[in-house]
Undergrad: 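Before we start, here is the structure in question, set down as structure tokens.
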Amino acid sequence: MNNIYVNCGGSLDVYKSKKEVMDFFEDCIMSSEGAERDRYTEIYFSVKENLNTNKRCFTDYSDYVTRGNINPDDLDDKEIMLLQKNYNVTKDDLYRFRADRILEAKHKRIYDFDLKNYNSIDGLYENYISNKNEKTFYIIGKNMITCIDANAKEPDKYWAEEFSMKDYDYANKWLNGDIEYEDYLDYLKNNNSKKELGVFNEEKLYLTVGRYRNNNTLYLGLNTDKGESYSDITINLSERKLSDNIAYLTNDMSNELKAFVKNKGIISEPLSFVVHNLGEYEVVYVNLDKVKEYDPKGYKDSLEQDNDIEI
């Protein structure tokens, strides 16, 4: 990854290139004045001076980060370590920042200084929420998001539900009235043994593991958060069983999707190529530790019995 990171006034954002950073902050300089313009100027010239260096983290000298719109699922472990080293920001922090950025667009946040006067959601509703024009609220905790909907029908005064910080999209959909809480519980039930691989083309993807029936070779694929098949990763080209740490890649994946999976450390760059019928296929190394990390139950089950997947 060659992302460029900038902390401006406590807001941490990501850019694709140093040129993109300079173009953005040049426009900011032209439309600002005073201390704000000084911050933008500091970032612009710092990036310009390092156009041909390996430096990827920049700041206006703010020594804190309180906001950001970086999706941590798009970053590998090295990028997370880079951010922690340069900005003292963890992956959990990035989830909180992104959750707040997504939810604040349509809903009102209740901060700790408002909460401290109330011992319960009932008290919060009676003395705070009921006096507001807004109808949907959220509270950012350490690991959870509490969502409150004041559009409830009698005899209820409000509805309140909790969501994992990583599931801010579901929290947002619930507050928008797009899903029922039971839909979120079904999602948790279907994905509780899997770790989200990340977001690709606005789809949350999960690794799925199985076995080809004819030779018991390891199968890898991608599913959406609804459990629907998104793409195969591997293809079965041989009657002979391959070692679990070797695979043939399907040509049905786009180059961008292949790069996405490779950046997650699941598969390597090509070790070699094999010609089969009219096609040429990549032979890659499979990192089984990563496979177990993203679908531990799937891999365990695949070892214990033949999988029903037949491609």
Side-chain angles (χ1 to χ4, degrees), residues 1 71-80 91 166-167 186-311:
M1 288 187 176
N71 186 348
D73 295 321
D74 291 340
L75 307 181
D76 58 27
D77 292 342
K78 290 182 179 179
E79 296 295 287
I80 296 295
K91 193 170 186 177
K166 297 179 180 180
D167 297 329
D186 287 342
Y187 154 76
L188 291 179
K189 182 179 179 181
N190 292 330
N191 293 282
N192 61 359
S193 68
K194 292 189 177 185
K195 176 181 176 181
E196 182 182 318
L197 195 61
V199 178
F200 181 83
N201 284 349
E202 300 184 354
E203 287 277 6
K204 286 186 177 181
L205 298 183
Y206 292 83
L207 183 69
T208 185
V209 180
R211 297 277 168 180
Y212 293 103
R213 183 179 297 174
N214 70 320
N215 57 13
N216 212 33
T217 290
L218 187 70
Y219 165 83
L220 300 178
L222 298 169
N223 283 2
T224 69
D225 58 355
K226 296 178 181 178
E228 300 170 346
S229 176
Y230 186 84
S231 174
D232 297 326
I233 296 175
T234 60
I235 186 171
N236 194 21
L237 299 178
S238 173
E239 295 295 326
R240 181 173 57 86
K241 182 181 184 302
L242 293 179
S243 172
D244 281 358
N245 62 0
I246 297 293
Y248 303 126
L249 291 195
T250 177
N251 287 336
D252 291 338
M253 283 195 296
S254 67
N255 290 333
E256 292 78 15
L257 185 55
K258 283 184 181 180
F260 172 80
V261 177
K262 289 175 181 177
N263 283 338
K264 299 300 177 180
I266 295 170
I267 56 177
S268 70
E269 294 296 330
L271 301 174
S272 62
F273 293 86
V274 61
V275 176
H276 183 79
N277 292 335
L278 299 178
E280 185 179 61
Y281 300 87
E282 293 182 32
V283 181
V284 298
Y285 170 77
V286 177
N287 186 335
L288 294 179
D289 288 335
K290 287 292 184 180
V291 170
K292 297 171 190 175
E293 176 184 344
Y294 285 105
D295 188 10
K297 186 175 185 300
Y299 184 68
K300 180 180 179 183
D301 290 347
S302 79
L303 294 175
E304 295 176 352
Q305 60 186 14
D306 287 346
N307 196 283
D308 290 335
I309 294 174
E310 187 170 16
I311 307 297

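All of these numbers come straight from a predicted model, not from anything done at the bench. In what follows, residues are counted from 1 in the order of the sequence shown.
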Undergrad: With sequence neighbours excluded, tell me which residues meet side chain to side chain contact (heavy atoms under 4.5 Å, CB included) with L271.
TA: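 L271 satisfies side chain to side chain contact (heavy atoms under 4.5 Å, CB included) with I246, S268, Y285 once adjacent residues are dropped.
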
Undergrad: Spell out, as yes or no, whether a donor-acceptor pair under 3.5 Å connects the side chain of N263 to the backbone of D76.
TA: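 A pair under 3.5 Å: no.
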
Undergrad: Just jot down the ring-ring contact (aromatic ring centres under 6.0 Å, His included) partners of F260, sequence neighbours excluded, or say none.
TA: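 By the ring-ring contact (aromatic ring centres under 6.0 Å, His included) rule, F260 matches F200.
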
Undergrad: Distance check, rounded to the nearest 0.5 Å: I235 atom CD1 versus Y281 atom OH?
TA: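 Separation between the atoms: 4.5 Å.
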
Undergrad: Is there a side-chain contact between L197 and I266, using heavy atoms and a 4.5 Å cut-off?
TA: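 Heavy-atom side-chain distance check passes, below 4.5 Å.
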
Undergrad: Who pairs with E239 by side chain to side chain contact (heavy atoms under 4.5 Å, CB included), at least two apart in sequence or on another chain?
TA: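 Partners of E239 under the side chain to side chain contact (heavy atoms under 4.5 Å, CB included) test: N214.
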
Undergrad: Taking salt bridge (charged side-chain N to carboxylate O under 4.0 Å, His left out) as the cut-off, I'd like each qualifying pair that reaches into residues 268-277, sequence neighbours left out, listed once.
TA: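 Qualifying pairs, neighbours excluded: K262-E269.
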
Undergrad: Can you name the one residue among D244, N236, T217 that meets side chain to side chain donor-acceptor pair (under 3.5 Å) with R211?
TA: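 Single pass found, and it is D244.
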
Undergrad: With rounding to the nearest 0.5 angstrom, report the CD to NZ distance, E79 to K91.
TA: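 If I round to the nearest 0.5 Å, the distance is 12.0 Å.
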
Undergrad: Under the salt bridge (charged side-chain N to carboxylate O under 4.0 Å, His left out) rule, collect the residues that match up with D77, sequence neighbours excluded.
TA: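 In terms of salt bridge (charged side-chain N to carboxylate O under 4.0 Å, His left out), with neighbours along the sequence ignored, D77 is linked to K290.
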
Undergrad: Using a 4.5 Å cut-off on heavy atoms from C-beta on, say whether the side chain of Y294 contacts that of V209.
TA: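 Side-chain contact under 4.5 Å: no.
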
Undergrad: Which residues pass the side chain to side chain donor-acceptor pair (under 3.5 Å) test with S243, sequence neighbours left out?
TA: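 Counting only residues at least two positions away or on another chain, S243 forms a side chain to side chain donor-acceptor pair (under 3.5 Å) with N245.
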
Undergrad: List, one per line, each side-chain donor-acceptor pair under 3.5 Å for residues 247-258, sequence neighbours excluded.
TA:
{"from": "T250", "atom 1": "OG1", "to": "D252", "atom 2": "N", "distance (Å)": "3.1"}
{"from": "N251", "atom 1": "ND2", "to": "E280", "atom 2": "O", "distance (Å)": "3.0"}
{"from": "S254", "atom 1": "OG", "to": "L257", "atom 2": "N", "distance (Å)": "3.1"}
{"from": "K258", "atom 1": "NZ", "to": "E282", "atom 2": "OE2", "distance (Å)": "3.3"}

Undergrad: Run the side chain to side chain contact (heavy atoms under 4.5 Å, CB included) test on V261 and L222 for me, step by step, so that the C-alpha distance in whole Å, both residues' side-chain angles and the decisive distance to 0.1 Å come before the verdict.
TA: CA-CA 9 Å; V261 177; L222 298 169; 4.1 Å; yes

Undergrad: Report yes if some heavy atom in the side chain of L218 is under 4.5 Å from a heavy atom in the side chain of L242; otherwise report no.
TA: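 They are not in contact (no side-chain heavy atoms under 4.5 Å apart), so the answer is no.
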
Undergrad: Give, for atom CG of L220 and atom OH of Y299, the distance between the pair rounded to the nearest 0.5 Å.
TA: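 The OH atom of Y299 is 10.0 Å from CG of L220, to the nearest 0.5 Å.
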
Undergrad: Would you compute the distance between atom CG of N287 and atom CD of E293 and round it to the nearest 0.5 angstrom?
TA: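 Reported value, rounded in 0.5 Å steps: 9.0 Å.
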
Undergrad: Going by the rule side chain to side chain contact (heavy atoms under 4.5 Å, CB included), which residues pair with S229 if we only count those two or more places apart in sequence or in a different chain?
TA: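 Side chain to side chain contact (heavy atoms under 4.5 Å, CB included) list for S229, sorted by chain: N223.
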
Undergrad: Test side chain to side chain contact (heavy atoms under 4.5 Å, CB included) on N201 and E203; report intermediate values, then the result.
TA: CA-CA 6 Å; N201 284 349; E203 287 277 6; 5.6 Å; no

Undergrad: How would you list, by chain and number, every residue that makes a side chain to side chain contact (heavy atoms under 4.5 Å, CB included) with E196, sequence neighbours excluded?
TA: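 With neighbours one apart ignored, the set is D73, V199, K204, Y206.
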
Undergrad: If you apply the rule side chain to side chain contact (heavy atoms under 4.5 Å, CB included), what do you find for V286 with T234, and how did you get there?
TA: CA-CA 10 Å; V286 177; T234 60; 5.8 Å; no

